[in-house]
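Worksheet for the structure shown next.
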Protein chains: 2
Amino acid sequence: MQNAPRKARNSATSTRRKSAAVTIHEVAQRAGVSPMTVSRVVNGNANVRAATRELVMRTVRELNYTPNAAARSLAAASGTRIALIYTNPSSAYLSELLVGALDGASKAATQLVLDTWDHMTRATERAAARKIAQSVAGVILPPPLCESKAVCSELVAAGIPVVAIASGRFQPDISGVRIDDFRAAQEMTEHLLSFGHSRIAFIKGHPNQTASALRYEGFQAAMAAAGVPVDPTLVQQGFFTYRSGLEAAEKLLARKKPPTAIFASNDDMAAAAVSVAHRRGMDVPRDISVVGFDDTPTATTVWPELTTIRQPIAAMAASSIDLLLRSIRRRKDGEARVVVDHVVAHVLVKRDSVAAPAPG
Amino acid sequence: MQNAPRKARNSATSTRRKSAAVTIHEVAQRAGVSPMTVSRVVNGNANVRAATRELVMRTVRELNYTPNAAARSLAAASGTRIALIYTNPSSAYLSELLVGALDGASKAATQLVLDTWDHMTRATERAAARKIAQSVAGVILPPPLCESKAVCSELVAAGIPVVAIASGRFQPDISGVRIDDFRAAQEMTEHLLSFGHSRIAFIKGHPNQTASALRYEGFQAAMAAAGVPVDPTLVQQGFFTYRSGLEAAEKLLARKKPPTAIFASNDDMAAAAVSVAHRRGMDVPRDISVVGFDDTPTATTVWPELTTIRQPIAAMAASSIDLLLRSIRRRKDGEARVVVDHVVAHVLVKRDSVAAPAPG
DNA sequence: GAGCGTAGTGATAGCGCTATCAAAATTCAA
DNA sequence: TTGAATTTTGATAGCGCTATCACTACGCTC
């Protein structure tokens, strides 16, 4: 018994509303393949002949096709959601991080979910990690969360891929996207030395982040290489906050023989150092040079603008999404977990906060 | 040549993956109605008999049913993408804006796309607006873009809903989510007056943003209401940047009889004022009080922390998404465009930058 | 040459929901 | 009481995508 013969779908006959967006069918038709093949290419997944892949990709580009995220997550039922978990909401590079992550996510038609974990104990962190592991397919961890053994181990145990972003050191269990903090600090120190500075003070970062140690080690290494001794009284502990920078700089500049340059482990502390110098009637950079690290908005907000190290956070975030997506796919295909350490280039940005030390 | 006998589909036999969530079908079955009726009830939409509605709602509650956002947006084909366009990447509240927008978007299974428009002429803005209008169903516009006639008119002409966020003044054509800048500035001024200040300086915001004018007017109104004359030489033009705050504060504090309080139109300029005060050997708040506006991270970064007006940007962004989605739906239903002006509550946050003026 | 893997591709059937329209139930007018 | 107007409900057909599996080539072994 034949069923209703109504069949000819789509085209313009549908009574249904029409969304203007390009669909996978149009791409398929144009490329002369089946929608399924397009899907495979777009997802970089299965085995598609190189020639076919090439053709489809070109068509996708021509038509400017973007997968519909809703349809995708509905069909896959696997809701490819990636969580970005952050702790300190006022962290200076948060917006750049978000912009980058969102950009990467939207290019890949992946849903990005945000989560703030504040004031957590190790136990609640564990619980939160377990919970998030059930609702997303991957996690991006900026510092200081990526340093938390509790969080990482829980996530790894749950089998979900994790990417640590801007964590100082490569961790054996989880992938990372970062700059070479050691090398960057070394270069910055060399920059200062090249101006003739030798009494260079250093304000350390928060001790719970490996990047802090690396930056300090880079500083030490450059000083040692130049044969300039590091005066231990010119090394102050900071915590990456403006406040801590204020205190550290205060101690540094209250000395009868203050340093001629201050290397702060991040921009906020450097800005604080500038503020303290001003309060004491010193001109920056004439009386003292100050440099920071990270190139956050703070660096260009204060006056004079800070010489600093640029971390391409947005690009790093976008590439974290890529990395994560690849891991997720691999995992779904039953392949073994692969841990990647992606080191991206930093840039020494020279602005107006460095000059040669005053003679004498 | 018999084919594979796999046949018995659906029900629990489906070879397809299974998502654990309760579906509309289960609710329908349990309630003894059709899925369509459940859909209607859940969407509060059409005409459903009260008794039926009641029954369905009870069942929904019993089963703890939550609509699948992906399926919903797919079926409704409701423009799934919303654009958030911003200009100044280092704008202090960008991250809060992003967090809020992303949160709202993910709750509604809407795709959020970001776009940066920098260094644009009126012509390129027009072109960009026309282009974006083709690829998204709605647009969120933070300042200063929401003040651009070119952008707004182009978008409105294309018929796509627009929400201006934190724009000072209600615009006839487009919906807005904002605080009452006038009232907020008024309250802040009253706060200063209540401490006994009368020589209050004001640093104005960028003249291209209506919020600037409103804040200034609020200041004037409060002064007038208190019968305190505004010294015109104590009013400086700023541009919302730290640098402009620096210059304005410099002029203000160089006077032989400096003000006892400075009301800056945003936090960055207030922070600059603090810095200038410090440089001149003045203590904040003992020698001079300084207040800001917006409650951006800057407000709590500097020392002392700034008394300021909190704009709940994240919440405003989330509610912009809601507003937009509703407009999009209305538009699809062929209903007339409705323009909403949503004014949310601000908060006067008292911190450490205000004290009574020094006697004498 | 029959048998049997193995890449590469396509046909089919949904994922959970809603638009559409027809059918059924109800109300109302005459 | 009956026919018409109205309200309420349900059956059906997709939204755009992907999981699954059948099928086609093309090797390869024995």
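This one's a predicted model, so the numbers in the text were calculated from it and none came from an experiment. By convention in this document, chain letters (A, B, ...) are assigned in the order of the sequence lines, proteins followed by strands, and residues within each chain are numbered from 1.
One finds the CD1 atom of A:I24 at 8.0 Å from the CZ atom of A:R72 (value rounded to the nearest 0.5 Å). The distance from atom CD1 of B:I140 to atom CE of B:M316, rounded to the nearest 0.5 Å, is 11.0 Å. With values rounded to the nearest 0.5 angstrom, A:I174 atom CD1 is found 6.0 Å from A:L141 atom CG. Atoms NE2 and OG, from A:H342 and A:S175 in turn, are 11.0 Å apart once rounded to the nearest 0.5 Å.
No N or O donor and acceptor, one from the side chain of A:R53 and one from the base of C:dG8, sit under 3.5 Å apart.
The shortest distance between the side-chain N/O atoms of A:R49 and the OP1/OP2 oxygens of C:dG8 is not below 4.0 Å. For D:dT8, one of the phosphate oxygens OP1 or OP2 lies less than 4.0 angstrom from a side-chain nitrogen or oxygen of B:N47. One finds a side-chain N or O of B:T52 lying less than 4.0 angstrom from the OP1 or OP2 phosphate oxygen of D:dT9.
Closest to the side chain of A:A75, from the set D:dC17, C:dT20, D:dT8, is D:dC17. Listed candidates were D:dT20, D:dT18, C:dC17. Nearest to the side chain of A:R40 is D:dT20.
Going from atom CD of A:E54 over to atom C1' of C:dG8 covers 17 Å, rounded to whole Å. One can place CD1 of A:I24 at 13 Å from C1' of C:dG10, the figure rounded to the nearest angstrom. Atom C1' of nucleotide D:dG14 and atom CZ of B:R72 are separated by 18 Å, given to the nearest angstrom. The distance from atom CG of B:L74 to atom C1' of D:dC17 is 8 Å, rounded to the nearest whole Å. Rounded to whole Å, atom C1' of C:dT18 lies 10 Å from atom OH of B:Y65.
Remark: of the listed residues A:T87, A:L97, A:L94, A:I313, A:L97 is the sole one forming a side-chain contact (heavy atoms from CB on, under 4.5 Å) with A:P142. Considering A:I321, A:V113, A:L102, A:L98 as possible partners of A:L84, the one that fulfils the side-chain contact (heavy atoms from CB on, under 4.5 Å) test is A:L98.
A:Q29 places no side-chain N or O within donor-acceptor distance of the main-chain N or O of A:E26, the cut-off being under 3.5 Å. Between the side chain of A:S39 and the backbone N or O of A:P35, no donor-acceptor pair lies under 3.5 Å.
Direction of the helix axis in the helix from C:dG1-D:dC30 to C:dA30-D:dT1 shifts by 40° between the two five-pair termini, rounded to 10°.
Non-hydrogen atoms lying under 4.0 Å from DNA chain C are contributed by A:V33, A:S34, A:M36, A:T37, all within residues 28-37 of chain A.
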Test log, rule salt bridge (charged side-chain N to carboxylate O under 4.0 Å, His left out), inputs B:R178 and B:D341: CA-CA 8 Å; B:R178 59 189 184 93; B:D341 181 32; 2.9 Å; yes

